[in-house]
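Remarks on the structure that follows.
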2 protein chains.
Amino acid sequence: MIRVLLADDQALVRGALAAMLGLEADIEVVAQVGSGDEVVEAARRVRPDVALLDVQMPGKDGLTAAADLKVALPGCRVIVCTTFGRPGYLSRAMAAGALGFVVKDAPPEQLVDAVRRVHAGLRVVDPVLAAESLASGASPLTDREREVLLRARDGGTVSDLAKALHLSDGTVRNHLSSAIGKTGSRTRAEAVRLAEEHGWL
Amino acid sequence: MIRVLLADDQALVRGALAAMLGLEADIEVVAQVGSGDEVVEAARRVRPDVALLDVQMPGKDGLTAAADLKVALPGCRVIVCTTFGRPGYLSRAMAAGALGFVVKDAPPEQLVDAVRRVHAGLRVVDPVLAAESLASGASPLTDREREVLLRARDGGTVSDLAKALHLSDGTVRNHLSSAIGKTGSRTRAEAVRLAEEHGWL
DNA sequence: ACCTGACCATGACAGGTGTCACGGCCGGCA
DNA sequence: TGCCGGCCGTGACACCTGTCATGGTCAGGT
């Protein structure tokens, strides 16, 4: 029996995934959590063979949860499961020590297949997404630029960002300008959108 | 047996939901589709008792699909199921003739319960969300303002919007200004965000 | 007929924004 | 040691934006 831990913030899909995986004869869902913070704790308790982690979760991110889990229980294989096939997510998941990466658009059989393969120690990655990830490459943004874009996401003025980050207005404008240039866009909103789509946030 | 049609763009959660509902003795999933355009067609073929529609779908919106379905098969009860509990979604779903409204954060039992209740002809709505919907009220935006905000979402300049909508630059600025005023924000990006959160888009 | 409100447009203006040039501070690296 | 690149700041400039006043058309309601 493959013992699986499930982490997803949406209770409905979490329960549904559990039901689906439970139908398989060789798979058993031994724990379910709804936030990234509970992952390590629950894993320590139930000792799962495979952890299936969503990226978008309240509290700790699914990707950082994967990294933490890799430290706490090195023997536990990790699959990262996400709604969005952002190239950056894949590379970050791999860097965090995940063995599998599944998009929620994928057919259901692919997930149970991924669980089995990852349990056997194999890597499971969508080839299309892997190609995109290589093409898109790593984030060209520096830490500051990322931070500025992150704050700019909810649509404040430059002064707002400057106050929030304890910087000068001009500096914020410079970082924004640089980020706009690197993303190949013409406005800050467009830069935010593109950076988000690439998973550079 | 309650015959259910499932519509969700994410194949994984669609399959998982089907597996979960299939576990119930009195529920049978008779069709699954991945876009809003296929809903009516599939429903005509399988004649389901209940249709479970996601809001976010490629092609036709889940809400408009609900309205179309209500016309094509008036006897078919509709549950709208969504990731985001936007107040505007609820009111639009109700206007479209949906009997149930379930958020994906809800516990799994609530969904199967909703299916049974809706099949019996009862309304199923999250009371918290209903309160929010009433508090937030209907969209204060006019059609044009909504359209302009929609285009402004991906971050182009005023001229871009004007060209896309075949309007004058000044007119676009006026609509944006008005939308900014109505949403109580100070920038167009903030207005877009707020309008989106309220489901006014 | 009158008024209201949505829609479109123009023009003008203050303030915000994106860009550039310049300079200084630091840590890493040959 | 010098060089480089990221980071922070200033100042200036052209341009874009958000706001306002004004005026016109057109549908709907009194």
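Each chain gets a letter, A, B and so on, in the order its sequence line appears, and its residues count up from 1.
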List the protein contact pattern of nucleotides 9-28 of chain D with one symbol per nucleotide (5' to 3'): B for base contact, S for sugar-phosphate-only contact, - for none; contact means a heavy-atom distance under 4.0 Å. BB-B----BBBB--------
List in chain and number order the residues that pass side chain to side chain donor-acceptor pair (under 3.5 Å) with A:Gln10, two or more places apart in sequence or in another chain; answer none if no residue qualifies. none
Looking only at side-chain N and O atoms, does A:His175 come under 4.0 Å of OP1 or OP2 in D:dC8? yes
Between its two end axes (five pairs each) the helix from C:dA1-D:dT30 to C:dA30-D:dT1 turns, nearest 10 degrees, through 30°
Figure out the CG/C1' separation between A:Asp143 and D:dG5, and round it to whole Å. 14 Å
Segment of DNA chain C, first to last nucleotide, that comes within the 4.0 Å heavy-atom reach of chain B: C:dA6 to C:dA12
I'd like a table of donor-acceptor pairs (distance under 3.5 Å, sequence neighbours excluded) in which one partner is a side-chain atom from residues 80-89 of chain A, with atom names and distances.
from	atom 1	to	atom 2	distance (Å)
A:Thr82	OG1	A:Phe84	N	3.2
A:Thr82	OG1	A:Phe84	O	3.3
A:Arg86	NE	A:Glu196	O	3.3
A:Arg86	NH1	A:Glu196	O	3.2

Considering residues, nucleotides and ligands other than B:Arg117, do more than 12 of their heavy atoms fall under 6.0 Å from its CZ? no
Expected list for residues 53-65 of chain B: side-chain donor-acceptor pairs under 3.5 angstrom, two or more places apart:
from	atom 1	to	atom 2	distance (Å)
B:Asp54	OD2	B:Lys104	NZ	3.2
B:Lys60	NZ	B:Asp68	OD2	2.9
B:Asp61	OD2	B:Leu63	N	2.8
B:Thr64	OG1	B:Asp61	N	3.4
B:Thr64	OG1	B:Asp61	O	3.0

Could you pull out all residues at least two apart from B:Asp169 that satisfy salt bridge (charged side-chain N to carboxylate O under 4.0 Å, His left out)? none
Sequence-distant partners of B:Glu197, salt bridge (charged side-chain N to carboxylate O under 4.0 Å, His left out), two or more places apart: B:Arg193
Name all residues meeting the side-chain contact (heavy atoms from CB on, under 4.5 Å) criterion together with B:Ala67; count only those two or more places apart in sequence or in a different chain, and write none if there are none. B:Ala96
Can you list everything that forms a salt bridge (charged side-chain N to carboxylate O under 4.0 Å, His left out) with B:Asp26? Sequence neighbours excluded, please. B:Arg116
May I have all residue pairs that pass salt bridge (Lys or Arg N to Asp or Glu O under 4.0 Å) and include part of residues 29-48 of chain A, sequence neighbours excluded? none
What pairs of residues pass the side-chain hydrogen bond (donor to acceptor under 3.5 Å, both in side chains) test when at least one of them lies in residues 178-188 of chain A, not counting sequence neighbours? A:Glu145-A:Ser178, A:Glu145-A:Lys182, A:Thr183-A:Ser185, A:Arg186-B:Asp160
